[in-house]
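Take a look at the structure below.
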Amino acid sequence: MTAPRFDVVVIGSGFGGLCAAVKLKQAGIDNFVILEKDAQFGGTWQVNTYPGCAVDIPSHVYSFSFAPNPNWTRRLASQSELLDYTRAIVRDFGLAPHLRLGVAYEGAQFEEEGGYWRVRTSAGPLSAKCVVSALGAMNRAAIPALPGIDTFTGAAFHSSRWNHDVDLRGKRVAVIGNGASAIQFIPQIAPIVAQLDVYQRTAQWIVPRHDRAIGPRERSLLTRLAPMRLLYRAFNYTLYEINAPLYVFFPRLFRLAQAVGLRHLHRQVADPSLRRRLTPDYTMGCKRVLVMSDYYPALTRPNVSLVTSAVAQVRANSIVSADGGERAVDVLIYATGFHVGHAPGAIDVRGRGGKRLFEHDQDCYKGCAVAGFPNYFTVTGPNSGLGHNSMIYMIESSVNYVVEAIKAIRAQGLHSVDVKAQVQRDFVARVHRKLRGTIWNSGCKSWYLDARGRNYAAWPGFTFTYRWATRRFDIGNYVVRT
């Protein structure tokens, strides 16, 4: 049986995959499919349904420039609105026929003879001239191997796979972790549970969440007046972009910014002992800065306890901490984040000579291409992440570069394009030189760094410098086979 053949196979149906699909169609490329392992499309905003789930970047910049949404009801959109936005993208740009839902991407092998990719999926093999991987970084839940967890008799689940069948009312709940998802759902569940124990390994820097409703009159103006909509988007983009120098060029100034976080903590937590345990011991910005206004008040409730001693053992109905304390538990929720190491590295992708993608390092050219993997492109791959602004801007930049590459392959009838190894090495070296003095490399442990302490995630500059770097497909930096 001959495998179906496509010009492009897109992996993932989150913002990256949908952006790639739209841009392919706009380029006149219609012979492509989007593989999605889940039963529904939408990526992060389809999977994460925990209470209080929302974005912490203004909605009007956390959306595509080619598909503005004047009808956001809040400055910081909720999960349900963001999922509705992805549905509108699929509907308005005619992407439904290209979706293959419930089809998992299992790997790929480049076939030198013919210059195409043999793609393995849970629904059978495909072949494609080009592959666009838009898996995203946060799609593999990190669940710690807690001692004794197999003996636990209660319900246990990760925040990214929230079990809505478990009724938390009146239950004794333990939350392992205090990251971005935890600080959103803890205030939601704290009022309804009997007891909530929050296990904190590291205190986080948290700043107030400046959210507000966007009323009908304002939405009407944004709908009718395109210039106002553009100005509002530009204002919000600039408001966040001006923080880039703190992360990249003047990280010591973050010590001044810490005053905002400390003032927020002191205003909301009166107990000096609790306040001390919630005060971070690293410079703000080294880890992700969290945004929430009702997390600290939740921790001051009489039925909530902050536990800073590590989990020593899980028993049938309790958790024993390293300080010897034992606390009864009915439900355990992991808020332990994700394995953020670049997602395609977890899948068996083989390029020229059988080389496996990201097997030994996460070197990547412009976050879009990897030497030895012809016609294989990544959307916001290694070293294209941010700490200060909307990743949607970065996604659009990356996708524009990738689609230009695919257009060149098609227009010139090329066998393959493969970024030159030396070009990639030079680019990666420049990026890491620029990263040396940034806040992310200032000494704390974070998801920006790999096991060797190498920063594989962050882009060391303004977002518009990444847009400039990806403004055109620089075919001269590629090995081209005709």
Side-chain angles (χ1 to χ4, degrees), residues 44-45 48-62 72-82 159 162 168 173 175 177-193 196-200 202-215 218 232 235-236 239-240 242-243 246-247 254 256-280 282-306 308 333 335 337 386-391:
T44 293
W45 305 109
N48 287 273
T49 61
Y50 59 80
C53 182
V55 73
D56 54 12
I57 292 291
S59 316
H60 285 272
V61 289
Y62 198 86
W72 295 114
T73 63
R74 300 203 66 83
R75 180 173 182 266
L76 305 177
S78 66
Q79 174 266 338
S80 60
E81 274 201 279
L82 289 160
S159 61
W162 195 272
L168 299 180
V173 179
V175 175
N178 63 322
S181 61
I183 69 166
Q184 291 188 336
F185 73 73
I186 283 173
Q188 302 295 316
I189 68 172
I192 66 171
V193 302
L196 179 60
D197 297 325
V198 180
Y199 286 79
Q200 171 187 286
T202 306
Q204 306 278 3
W205 283 108
I206 303 174
V207 297
R209 179 180 176 83
H210 297 299
D211 190 19
R212 66 176 180 84
I214 301 176
E218 187 176 352
Y232 190 64
F235 168 76
N236 279 289
L239 186 66
Y240 281 73
I242 58 177
N243 291 316
L246 290 180
Y247 287 87
F254 248 121
L256 300 177
Q258 286 178 185
V260 176
L262 289 173
R263 184 168 62 249
H264 181 51
L265 172 59
H266 280 248
R267 282 178 173 175
Q268 295 195 322
V269 179
D271 179 5
S273 174
L274 178 58
R275 205 163 56 209
R276 185 169 54 252
R277 287 180 289 151
L278 289 169
T279 302
Y282 59 90
T283 304
M284 179 186 277
C286 187
K287 296 176 183 285
R288 179 179 177 181
V289 179
L290 304 183
V291 181
M292 184 54 63
S293 293
D294 52 4
Y295 174 65
Y296 288 145
L299 295 183
T300 65
R301 295 177 60 91
N303 67 325
V304 178
S305 298
L306 180 70
T308 55
I333 303 174
L386 296 176
H388 70 283
N389 211 329
S390 173
M391 276 303 296

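Going from atom CG of Leu278 over to atom CD1 of Ile206 covers 7.5 Å, rounded to the nearest 0.5 Å. For the atom pair CD1 of Ile189 and CH2 of Trp162, the computed distance is 5.0 Å after rounding to the nearest 0.5 Å. One distance of note links CZ of Phe185 with OG1 of Thr49; it measures 11.5 Å at 0.5 Å rounding. If you take CD1 on Ile333 and CG on Asp197, they are separated by 11.5 Å, rounding to the nearest 0.5 Å. Distance check: Arg75 CZ to Asp56 CG gives 10.5 Å after rounding to the nearest 0.5 Å. Tyr296 OH to Ile186 CD1: the interatomic distance, rounded to the nearest 0.5 Å, is 12.0 Å.
A donor-acceptor pair under 3.5 Å is absent between the side-chain atoms of Arg74 and the main chain of Asp211, judged by distance alone. Without hydrogens or angle criteria, His264 side chain to Met292 main chain gives a donor-acceptor distance under 3.5 Å. Between the side chain of Gln184 and the main chain of Ala54, a donor-acceptor pair closer than 3.5 Å is present. In this structure, Ser293 contributes its side chain and Arg209 its backbone to a donor-acceptor pair below 3.5 Å. Not one N or O on the side chain of Glu218 forms a donor-acceptor pair closer than 3.5 Å with the backbone of Ala213. Checking side-chain atoms of Ser390 against main-chain N and O of Val61 turns up a donor-acceptor pair under 3.5 Å. Panel note: side chain Tyr247, backbone Gly387; a donor-acceptor pair is recorded below 3.5 Å. A donor-acceptor contact shorter than 3.5 Å is absent between the side chain of Asn178 and the backbone of Val198.
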For this session: Decide side chain to side chain contact (heavy atoms under 4.5 Å, CB included) for His60 and Ile214; before the verdict, give the C-alpha distance in whole Å, the side-chain angles of both, and the deciding distance to 0.1 Å.
Result: CA-CA 11 Å; His60 285 272; Ile214 301 176; 3.9 Å; yes
Problem set entry | Worked check of side chain to side chain contact (heavy atoms under 4.5 Å, CB included) between His388 and Leu246 | CA-CA 9 Å; His388 70 283; Leu246 290 180; over 6 Å; no
For this session: Determine, stepwise, if the pair Thr73 / Glu81 fulfils side chain to side chain contact (heavy atoms under 4.5 Å, CB included).
Result: CA-CA 8 Å; Thr73 63; Glu81 274 201 279; 2.7 Å; yes
For this session: Report the C-alpha distance between Gln268 and Leu299 in whole Å, list the side-chain angles of each, state the deciding distance to 0.1 Å, and finish with yes or no for side chain to side chain contact (heavy atoms under 4.5 Å, CB included).
Result: CA-CA 10 Å; Gln268 295 195 322; Leu299 295 183; over 6 Å; no
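Under the rule for a side chain to side chain donor-acceptor pair (under 3.5 Å), Ser59 has no partner lying at least two apart in sequence or in another chain. With sequence neighbours left out, Ser305 forms a side chain to side chain donor-acceptor pair (under 3.5 Å) with Gln195. Residues forming a side chain to side chain donor-acceptor pair (under 3.5 Å) with Arg277 (at least two apart in sequence, or on another chain): none.
Under the 4.5 Å side-chain criterion, counting only non-hydrogen atoms from C-beta, Met284 is in contact with Val207. The shortest distance between side-chain heavy atoms of Pro280 and Gln258 does not fall below 4.5 Å. At a threshold of 4.5 Å between non-hydrogen side-chain atoms, the residues Pro58 and Tyr240 count as touching.
Using bins of under 30°, 30° to 60° and over 60° for the plane-to-plane angle, the ring pair Tyr282/Trp205 lands in the perpendicular bin. Ring pair Trp45/Tyr62 is perpendicular by interplanar angle, where above 60° counts as perpendicular and below 30° as parallel.
When all heavy atoms of Ile183 and Tyr295 are compared, the pair lying nearest together is CA-CD1, 3.6 Å. Asn303 and Val193 make their closest contact through ND2-O, 3.0 Å (heavy atoms, listed as atom of the first residue, atom of the second, distance). When all heavy atoms are compared, the tightest approach of Val175 to Ala335 is CG1-CB, 4.0 Å. Across Pro187 and Ala298, no two heavy atoms sit closer than the pair CA-CB, 3.9 Å. In plain terms, the two heavy atoms of Ser181 and Ser159 that are nearest each other are OG-OG, 3.1 Å.
Atom CZ of Arg267 has 12 or fewer heavy atoms from other residues, nucleotides or ligands within 6.0 Å.
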